[in-house]
Amino acid sequence: MTETKQIVMPGDPIDSSLGKPRNGVYKCGDQQFCSSYFGIVQVSDQFIDVVPFSGPYYPRRGDKVIGKVIEVGPSMWTIDINSPYHTLMHMNDTPWRTNAGDIKKYLSPGDYIYAKVMTLNDIRESWVTLKDVGLRKLEGGHITSVSAPKVPRIIGKGGSMVNMIKDATGTRIVVGQNGLIWIDGEAENVMIAISAVKMVENEAHTTGLTDRMQKYLNEVKGEANGNSK
Amino acid sequence: MGTASDIKLIDEKGIRLDGRSLSELRPIKIETDVLERADGSAYIEWGGNKIMVAVYGPREAYPKHTQDIDKAVIKARYNMAAFSVDERKRPGPDRRSVEISKVISEALQCAIMVEQFPRAQIDVYIEVLQADAGTRIAGLTAASVAVAAAGIPMRDLVVGCTAGKVDGKIVLDLGKEEDNFGQADLPMGILAKSGKIVLMQMDGDLTTEEFDEATAMIYDAAKRINDIQREALAGKYRALAMERGGE
């Protein structure tokens with residue numbers, strides 16, 4: 001993987017000869033493109049993106065996210081998905097046979113769900129659904145969060161990073177595109193997994209992270225077993 | 001402008017009270033991510049000014065009647081601590097701080113891509129802990145750094161700077177005595193890359209020539225201030241990348 005990681009500020013010109021400008025870039029002049037974020041430039045095969053170091057999550061159709069139920073209405077739940085706007089879920093978009101008025105027995109305020117963004121509109125209203133494979137209510141476990149732009153790094157190439165943490169700590173992990181992460185397992189293992197996730201978040205802009213992560217996990221695991229290094 | 005006094009603010013060699021030359025800035029130091037709870041934050045020390053800025057959002061705008069269906073509203077709040085000036089300042093918003101909050105909100109609105117967040121608000125809290133002339137532009141400079149650190153899309157960084165007329169001469173970045181006993185004060189907010197003006201106020205009188213000279217001085221200083229902003233943002237990421245490989 002050839003990767004150049006250049007730090008840019010809002011308004012910095014982006015060299016569009018390297019690829020087609022895509023996310024985090026705006027047109028600032030006739031043939032010129034500028035960064036709209038404080039972040040790093042990422043050049044892939046044909047596109048050039050600016051990935052911000054932090055920032056809120058913007059829902060996109062098809063994203064699988066973790067959300068918290070904050071309000072129950074007669075036929076809708078209001079869900080907080082860690083984005084500037086709340087989202088809604090209608091009772092017909094769940095796998096349960098619900099009747100209007102008693103949907104509280106399925107999900108009540110404070111519950112977490114793993115859901116998919118179904119629709120979005122121009123004024124950023126959105127709806128999520130639980131009707132797909134793997135989507136469900138998350139029972140038990142712990143919730144931790146990272147900033148949304150770091151999620152691809154947490155998952156790693158083809159899920160390599162998150163699988164490595166799962167295997168090393170023996171926990172079950174669900175990563176939402178919005179930066180919320182659900183971790184279930186033995187309390188100590190969950191703590192290790194959380195610290196590993198935080199480490200990936202802090203060092204997301206560096207290279208060779210997977211190897212360092214492997215080393216880190218081996219070390220903590222050794223200590224947890226009572227063995228010295 | 002205060003009452004005229006017989007203090008000599010500039011000596012024969014063109015050196016000012018605090019030992020600066022006419023076109024010299026006071027020392028500026030900016031730090032980012034100083035507050036854990038805020039989405040973005042910055043702390044600036046500009047001469048004797050000490051200002052903390054916290055940014056929250058974008059989040060849904062409340063009360064609901066303040067929402068704009070096309071864009072986000074910027075709610076900046078400039079507030080001076082009771083202990084920030086020599087004589088105790090009566091706490092709470094007064095006419096001056098309401099005005100400054102308004103002009104800073106409008107200046108930031110020009111830089112932030114507000115049209116990406118319909119119905120939302122972005123809160124910018126500017127707390128002046130210690131004041132020493134030029135707090136509005138120091139607050140604005142720090143606020144734009146805090147907004148960038150929060151990961152909010154912007155067209156450009158905003159740089160603030162003042163110039164003014166003291167003892168008949170045009171000087172950059174007025175200090176407290178120069179502000180009180182000088183003849184004019186011109187705070188400006190500029191977009192760093194494009195050079196567009198997003199804030200301009202004037203207290204006192206300047207001739208057209210003096211105004212042009214002051215503006216030129218501010219534009220020149222803006223580059224230096226922008227470098228400090230950029231270093232404040234990128235510094236620690238670059239350091240970590242160097243340490244861990246990458247870059």
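Lettering of chains follows the sequences in order, A, B, ..., and the numbering in each one begins at 1.
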Enquirer: Return the orientation label for the A/Phe53 and B/Tyr237 ring planes: parallel under 30°, perpendicular over 60°, tilted otherwise.
Expert: parallel

Enquirer: Count the heavy atoms belonging to other residues, nucleotides or ligands that lie under 6.0 Å from NZ of A/Lys20, then report whether that count exceeds 12.
Expert: no

Enquirer: Just give me the residue among A/Gly55, A/Pro52, A/Ser54 that pairs up with chain B most often, heavy atom to heavy atom, under 4.5 Å.
Expert: A/Ser54

Enquirer: Using a 6.0 Å cut-off, check whether atom CG of A/Asn121 has over 12 heavy atoms from anything other than its own residue.
Expert: yes

Enquirer: Assess whether atom CE of A/Met191 is packed by more than 12 heavy atoms of other residues, nucleotides or ligands within 6.0 Å.
Expert: no

Enquirer: What residue, out of A/Ser147, A/Gly24, A/Pro84, has the most heavy-atom pairs lying under 4.5 Å from chain B?
Expert: A/Pro84

Enquirer: Counting only heavy atoms closer than 4.5 Å, note whether A/Ser35 contacts chain B via side chain, backbone, both or neither.
Expert: backbone

Enquirer: Report yes if the side chains of B/Met113 and A/Ser36 come closer than 4.5 Å at any heavy-atom pair, otherwise no.
Expert: yes

Enquirer: Within a 6.0 Å radius of atom NZ on B/Lys236, are there more than 12 heavy atoms belonging to other residues, nucleotides or ligands?
Expert: yes

Enquirer: Is it true that atom CZ of A/Arg22 has more than 12 heavy atoms of other residues, nucleotides or ligands lying nearer than 6.0 Å?
Expert: yes

Enquirer: Please classify the contact between A/Tyr26 and chain B as side chain, backbone, both or neither, with a heavy-atom cut-off of under 4.5 Å.
Expert: side chain

Enquirer: Could you pull out the closest heavy-atom pair between B/Arg119 and A/Glu125, with the gap in Å?
Expert: NH2-CG, 3.5 Å

Enquirer: Who wins among A/Val50, A/Ile40, A/Asp12 for the most heavy-atom pairs under 4.5 Å with chain B?
Expert: A/Asp12

Enquirer: What are the residues of residues 148-160 of chain B, in order of number, with any heavy atom under 4.5 angstrom from a heavy atom of chain A?
Expert: B/Ala148, B/Ala149, B/Ala150, B/Gly151, B/Ile152, B/Pro153, B/Met154, B/Arg155, B/Asp156, B/Leu157

Enquirer: Return the option, out of B/Ser144, B/Pro58, B/Ala120, with the maximum number of heavy-atom pairs under 4.5 Å with chain A.
Expert: B/Pro58

Enquirer: Would you compute the distance between atom CG of B/Asp68 and atom CD1 of A/Ile123 and round it to the nearest 0.5 angstrom?
Expert: 11.5 Å

